[in-house]
Amino acid sequence: MAIPNTWGAPYGGYGGPPPAPPVIPAKDLRPRRLWYVVAALLGAVLVGTGVTLVVLAIKDTVNSVDTAHTFAGGEPRTFGFTRGKTRAIYVSQSRWGHVDCRVPRELADSLTKPAGTFRVTHGVRSWDRVLEFTPRTSGDYPVICTSEVPGAVFALGDKPEVAGMVGGILAAVGCFLTAAVAVPAICIVTAVRRGRHRRQLLAAAMPPMWGPPPSGAAPWPPAGPVA
C-alpha cells in the first residue's frame with residue numbers, strides 16, 4: 001500500500017540534479033576584451049620606439065666618422081669646413097701610437113686633444129678620436145696627419161654628441177621597461193575584473209540554493225496541542 005506524500009515537493013531540491021550554471025557570453029563581460037588588443041598595441045608601439053631610438057643613436061655615432069673619405073699618414077687631404085662647426089680627426093691603427101695633425105693657420109690656430117676617449121667601430125676598422133678643432137672661417141682647406149704606427153689611416157668627422165647618444169639609449173630603455181610593466185598590468189587587471197564580473201552575473205542568474213518550504217500537515221508529531 002502506497003503512502004501518500006503529504007509534504008509536497010522535496011525540500012531544497014532533493015530528488016533531482018542541481019541546475020546547470022548559466023552560460024555567460026564573453027561579450028557581456030566588462031571590461032571588454034578590447035583591452036587585450038590595446039595592451040598588445042601599446043607594447044608594440046613602445047618596443048618599436050625603443051628599437052628606433054637605439055638604431056638612431058648607433059647610426060648617428062657611426063656616421064660621425066666620414067669613412068668614405070679616408071687618407072693615409074703624410075698624405076694631405078682637402079675638406080670643406082664651416083665656420084664655428086667643430087670637427088674631429090679620427091685614426092684607425094693596429095696599436096696605440098702618437099698622432100700629429102696640422103691644418104692651415106687661417107683655418108684654426110691649434111688642434112686640441114679631447115678630454116675623454118671615443119671609439120667607433122665601422123666594418124672591420126675601429127676609429128679613435130684623437131684631435132678636435134673649430135674652424136674660424138669657411139672654405140676648403142687641406143689636413144695632413146702622421147702617426148708613429150705604420151699603416152695608420154685617418155678620417156675627418158663630427159664631434160660626437162655623447163650626451164645625445166646616452167640620452168637616446170636611456171629613452172629606449174625607458175620604453176622597454178614601460179612596455180614590460182604596462183602590458184602585463186593591463187592584461188592582469190582586465191582578466192581579474194572580467195572574472196569578478198562573471199561571478200557577479202552568475203550569482204544574479206543562479207536560482208536559490210534552497211527550494212520552497214514544505215507544504216501540508218506533517219505526519220508526526222500530530223497536529224494540535226499536546227495534552
Side-chain angles (χ1 to χ4, degrees), residues 26-70 79-96 99 101 108 111-135 138 153-200:
K27 64 182 182 62
D28 292 342
L29 299 179
R30 297 295 183 273
R32 295 183 180 274
R33 288 178 293 184
L34 177 64
W35 283 101
Y36 294 125
V37 179
V38 172
L41 292 177
L42 177 62
V45 170
L46 289 172
V47 171
T49 302
V51 171
T52 301
L53 291 173
V54 171
V55 170
L56 290 177
I58 295 175
K59 183 178 179 181
D60 290 342
T61 302
V62 172
N63 290 341
S64 62
V65 183
D66 185 8
T67 56
H69 302 90
T70 61
F79 297 94
F81 297 94
T82 302
R83 178 181 179 183
K85 182 180 180 181
T86 301
R87 305 304 301 273
I89 297 177
Y90 295 82
V91 62
S92 175
Q93 50 191 358
S94 58
R95 58 180 175 83
W96 177 254
V99 171
C101 295
L111 285 72
T112 59
K113 186 176 181 180
T117 60
F118 184 81
R119 170 172 288 192
V120 176
T121 300
H122 188 275
V124 296
R125 286 187 176 275
S126 294
W127 298 89
D128 293 294
R129 180 186 55 167
V130 289
L131 295 168
E132 290 180 352
F133 64 96
T134 302
S138 299
V153 179
F154 297 89
L156 200 66
D158 296 325
K159 180 179 179 180
E161 298 293 340
V162 179
M165 180 185 65
V166 173
I169 294 176
L170 290 178
V173 172
C175 289
F176 296 145
L177 292 178
T178 302
V181 173
V183 173
I186 294 175
C187 293
I188 292 174
V189 171
T190 300
V192 170
R193 294 185 63 182
R194 284 174 65 86
R196 184 184 305 164
H197 191 213
R198 180 189 294 275
R199 291 191 295 270
Q200 292 174 350

S.K.: Would you tabulate the side-chain donor-acceptor contacts of residues 189-200 under 3.5 Å, counting partners in other chains and residues two or more places apart, or write 'none'?
M.R.:
unit_1	atom_1	unit_2	atom_2	d
Thr190	OG1	Ile186	O	2.7
Arg194	NH1	Pro31	O	2.9
Arg194	NH2	Ala26	O	3.2
His197	ND1	Arg30	N	2.9

S.K.: Between Leu53 and Ile169, is any pair of side-chain heavy atoms under 4.5 Å apart?
M.R.: no

S.K.: Is there any ring-ring contact (aromatic ring centres under 6.0 Å, His included) pair reaching into residues 169-195, and which pairs are they, with sequence neighbours excluded?
M.R.: none

S.K.: Please confirm whether the backbone N or O of Thr121 pairs with a side-chain atom of Ser126, one donor and one acceptor, at under 3.5 Å?
M.R.: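 Not a single qualifying donor-acceptor pair exists.
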
S.K.: Can you find a heavy atom in the side chain of Phe118 that is under 4.5 Å from one in the side chain of Val65?
M.R.: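 With C-beta onward as the side chain, the pair stays apart.
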
S.K.: Could you measure the distance from the CZ atom of Arg119 to the OG atom of Ser92? Nearest 0.5 Å is fine.
M.R.: 8.5 Å

S.K.: In chain order, what residues pass the ring pair (Phe, Tyr, Trp, His ring centres under 6.0 Å) check against Phe154, with sequence neighbours excluded?
M.R.: Phe71

S.K.: Can you check whether Val153's main-chain N or O pairs, donor with acceptor, with Tyr90's side chain at less than 3.5 Å?
M.R.: no

S.K.: With a 4.5 Å limit on heavy-atom distance, are the side chains of His122 and Ser64 in contact?
M.R.: no

S.K.: Between Arg87 and Gly157 (side chain of the first, backbone of the second, donor and acceptor by atom type, cut-off under 3.5 Å), is there such a pair?
M.R.: yes

S.K.: Looking only at heavy atoms, what is the nearest atom pair of Lys85 and Thr134, with distance?
M.R.: N-CG2, 4.4 Å

S.K.: Between Ala155 and Asp66, what is the shortest heavy-atom contact and its length?
M.R.: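 Looking at all heavy atoms of both residues, the shortest contact is CB-O, 3.8 Å.
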
S.K.: Just verifying a value: how many Å separate Phe133 CZ and Leu156 CG, rounded to the nearest 0.5 Å?
M.R.: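 If we round to the nearest 0.5 Å, Phe133:CZ and Leu156:CG are 5.5 Å apart.
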
S.K.: With heavy-atom distances below 4.5 Å as the criterion, would you say the side chains of Arg125 and Thr70 are in contact?
M.R.: no

S.K.: May I ask you to decide if Gly116's main-chain N or O and Arg129's side chain share a donor-acceptor pair within less than 3.5 Å?
M.R.: yes

